[in-house]
Amino acid sequence: QVQLVESGGGLVQAGGSLRLSCAASGRASGNYVMGWFRQAPGKEREFVARITWNSGSTDYADSVKGRFTISRDNAKNTMSLQMNSLKPEDTAVYFCSRGSYLSRAASLYGSWGQGTQVTVSS
């Protein structure tokens, strides 16, 4: 079982930047997909971005495309989300996840971190 731990959340003004990190530990082998999801109060968890571990191919939600960049460091077993031009509507708890399918559906990701709060003030 893999363990995922997020870090890097915080409070930032609109237009600012934050970088989230996800450290993976435990058993991990084969090609898999790592993703970022977010959940705002009263809303469902939504897809933000994903990256395929071996090839590095990426996919982004339309709402963050051009502002967020997902990356991974295979040697360090970490994944990051660089968030630029942040907007108040980006405010949410951000979760790191791992799955086996190229999907935007949270239900297909079997491992989750505890989440990190991102708050963007206007």
Residue list, ring-ring contact (aromatic ring centres under 6.0 Å, His included) with Phe47, at least two apart or on another chain: Phe37
Six-ring centre of Trp112, Arg45 cation under 6.0 angstrom, axis tolerance 45°: yes
Salt bridge (Lys or Arg N to Asp or Glu O under 4.0 Å) contacts touching residues 102-120 (sequence neighbours left out): Asp59-Arg104
Pairs where residues 76-101 contributes a residue and the test ring-ring contact (aromatic ring centres under 6.0 Å, His included) is met, not counting sequence neighbours: none
Results of side-chain hydrogen bond (donor to acceptor under 3.5 Å, both in side chains) for Asp62 - residues two or more places apart only: Lys65
Partner set under side chain to side chain contact (heavy atoms under 4.5 Å, CB included) for Lys76, not counting sequence neighbours: Asp73, Thr78
Main-chain N/O of Arg50 paired to Tyr60 side chain as donor or acceptor, under 3.5 Å: no
Non-neighbouring partners of Ser7 that pass side-chain hydrogen bond (donor to acceptor under 3.5 Å, both in side chains), sequence neighbours left out: none
Shortest non-hydrogen contact between Ser97 and Trp36, atoms and distance: OG-N, 4.4 Å
Partner residues of Arg72 under the salt bridge (Lys or Arg N to Asp or Glu O under 4.0 Å) criterion, sequence neighbours left out: none
Considering all heavy atoms, the nearest Val5-Gln114 contact: CA-OE1, 3.9 Å
Backbone N/O of Gly9 and side chain of Thr116: donor-acceptor pair under 3.5 Å: yes
Salt bridge (Lys or Arg N to Asp or Glu O under 4.0 Å) partners for Glu89, two or more places apart: none
Any residue meeting side chain to side chain contact (heavy atoms under 4.5 Å, CB included) with Ser63, in chain and number order, not counting sequence neighbours: Arg38, Ala61
Residues that Gln82 engages under side-chain hydrogen bond (donor to acceptor under 3.5 Å, both in side chains), provided they are two or more places apart: Arg19, Asn84
Set of side-chain hydrogen bond (donor to acceptor under 3.5 Å, both in side chains) partners for Thr52, sequence neighbours left out: Ser57
Of all pairs that satisfy disulfide bond (SG atoms under 2.5 Å apart), the ones with a partner from residues 73-122, not counting sequence neighbours: Cys22-Cys96
